[in-house]
There are 2 protein chains.
Amino acid sequence: MARTTLTRDEVLDAAASLVMQHGPAALTMRGLAAELGTAVTSIYWHVGNRESLLDALVERTVEEMGAIRPTGRTPADRILAVARILRRELRRRPHLIAMVHERGLTERMFLPAQQALVHEVHAAGLRGARAAEAVRAVQFQVVGYLLVERNRERSPAQSPAESELWDPAAAPHDPALARALARPADPDRLFLLSVRALVHALLAPGAADASDATGTDGTAPPR
Amino acid sequence: MARTTLTRDEVLDAAASLVMQHGPAALTMRGLAAELGTAVTSIYWHVGNRESLLDALVERTVEEMGAIRPTGRTPADRILAVARILRRELRRRPHLIAMVHERGLTERMFLPAQQALVHEVHAAGLRGARAAEAVRAVQFQVVGYLLVERNRERSPAQSPAESELWDPAAAPHDPALARALARPADPDRLFLLSVRALVHALLAPGAADASDATGTDGTAPPR
DNA sequence: ACCTGAACACCGTTCAAGT
DNA sequence: ACCTGAACACCGTTCAAGT
């Protein structure tokens, strides 16, 4: 592993590779130095310290999530396309995305997607504060879904598992429901279904306005 | 800080206090021993090692999130109540909830809420796989929203901030929209709005079925 | 401008020894 | 059954010294 001179990019590449394969805990300064064939202290000259090294990796990830080009015939279709694209790209970099999340930069990472959503919501005829709420509702739902989904994928064997909890004997009133909940969720289908339901309600004229909101007492408003 | 004999519960209480105040990184075995006035090694006798100590804290948190008693007149209202209760309880324990999330136990923590949702969806007349999908859609949305919200609260000053990005000059076509996005989101309002929109669409007869889903090509189905 | 080894102050964990 | 100090193998980081 003899080399001419070490560069900052080489350090970042090696660090990113370690993190993507084994997670941030596997990134030790000494281990990284060994990987690069240099002294530990050389790394400090190029990237400062471990924390700013991780920051640089996160920054890179945020930039890579930049361009969103949705396709589709209607605004609703293009909103769905934005959601699908985000989901695909995020699932490629689970460890790095978790680090973005830990640093509280998830929202910033999604700003390009937010701009695309603004465009589509506007095309659907929403204006002003109403349009802003629709954008944020979709954004929160998509980002939130991805966080939950990732959590599920990482989770170890759950106890009690849904399959035990929802064995049909425990829910005799609706065995088909119990069977459905005992099966693992279909994440693609559930994602589409959820986003479509939300978008449908948000774009429907006159619906989805929180100003008719139920109060904190849990009672329904008059209608 | 002289004491008779150290107990496992005392160790857990002190550890929980440290974590709740300053996060898991602030929990060092040596620091915890100093807090308790014992030798580091005594802690090992009671709780094993640091990892299983954290596991025990997480387990406790999952148990504390147990009972959900929604109120409200209609199933839709009671689903909203479940969502609000979850949100309130989770916001009380941010560090511990993050640890539950890191261990992939978020879903297990929400099983009691899931059972409440099953009851309400059933009361609303949904059955079988359709009901299961509605439950999961609401569950994913609520949990996801909370994760996103927590991320926002923790996040440092964002750059570019939404307020810079959405200054009205950048979106001349709809200055009211730009102003709305430049303002910080109202999390209570957005939460209610999103859950209500999703629940409305899911409980509406015949709506919200993914079997009429748009394909991956982003084109709309015939209607 | 870039790299190095030595040293420092921290970790979590183990272990033999105490009572 | 419970507690202890000493020791081990690791960390991240600093610094004076090299070229």
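Chain letters run A, B, ... following the sequence lines, proteins first and then strands; every chain starts at 1.
Base-pairing analysis of DNA chain D finds the following stems of at least three consecutive Watson-Crick or G-U pairs, with both pairing distances under 3.5 Å: C:4-8 with D:12-16, C:12-16 with D:4-8.
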Nucleotide N/O of nucleotides 16-19 of chain C paired with protein N/O under 3.5 Å:
none

N/O to N/O distances under 3.5 Å, protein versus nucleotides 9-13 of chain D:
{"from": "D/dC11", "atom 1": "N4", "to": "A/Arg30", "atom 2": "NH2", "distance (Å)": "3.4"}
{"from": "D/dG12", "atom 1": "OP1", "to": "A/Met29", "atom 2": "N", "distance (Å)": "3.3"}
{"from": "D/dG12", "atom 1": "OP2", "to": "A/Met29", "atom 2": "N", "distance (Å)": "3.1"}
{"from": "D/dG12", "atom 1": "N7", "to": "A/Arg30", "atom 2": "NH1", "distance (Å)": "2.4"}
{"from": "D/dG12", "atom 1": "O6", "to": "A/Arg30", "atom 2": "NH2", "distance (Å)": "3.0"}
{"from": "D/dT13", "atom 1": "OP2", "to": "A/Tyr44", "atom 2": "OH", "distance (Å)": "3.1"}
{"from": "D/dT13", "atom 1": "OP2", "to": "A/Arg50", "atom 2": "N", "distance (Å)": "2.8"}

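More than 12 heavy atoms of other residues, nucleotides or ligands lie within 6.0 Å of CZ in B/Arg88, so this atom counts as buried by the packing criterion.
B/Glu102 is linked by a salt bridge (charged side-chain N to carboxylate O under 4.0 Å, His left out) to nothing, counting only residues two or more places apart in sequence or in another chain. With sequence neighbours excluded, no residue forms a side-chain hydrogen bond (donor to acceptor under 3.5 Å, both in side chains) with A/Glu63. Under the ring pair (Phe, Tyr, Trp, His ring centres under 6.0 Å) criterion, A/His122 pairs with B/His173, not counting sequence neighbours.
Between B/Glu51 and B/Arg103, at least one side-chain N (NZ, or NE/NH1/NH2) sits under 4.0 Å from a carboxylate O, which counts as a salt bridge. A salt bridge is defined here as a Lys NZ or Arg NE, NH1 or NH2 lying under 4.0 Å from an Asp or Glu carboxylate O, and B/Glu59 with B/Arg108 meets this definition. Remark: B/Asp77 does not engage B/Arg196 in a salt bridge, criterion side-chain N to carboxylate O under 4.0 Å. A salt bridge between A/Arg84 and A/Glu89 is absent, with no side-chain N of the basic residue lying under 4.0 Å from a carboxylate O of the acidic one.
Of the listed nucleotides (C/dG5, D/dC3, D/dT4), D/dT4 has the atom at the smallest distance from the side chain of B/Ala39. Distances were taken from every side-chain heavy atom of A/Trp45 (C-beta onward) to each of C/dA1, D/dG5, C/dT4; the shortest belongs to C/dA1.
When rounded to the nearest whole Å, the span between CD of B/Glu10 and P of D/dC3 equals 9 Å. One atom, NE2 of A/His46, and another, P of C/dC2, lie 6 Å apart when rounded to the nearest Å. Look at CG on B/Leu6: it is 10 Å from P on D/dC2, rounded to the nearest Å.
A cation-pi geometry, defined here as NZ or CZ lying under 6.0 Å from the six-membered ring centre and within 45° of its normal, does not hold between B/Arg87 and B/Tyr145.
Between the A/Ser17 side chain and the A/Asp13 main chain, no donor and acceptor come within less than 3.5 Å of each other.
When only modelled atom types and interatomic distance are considered, B/Gln114 and B/Glu107 share no side-chain donor-acceptor pair under 3.5 Å.
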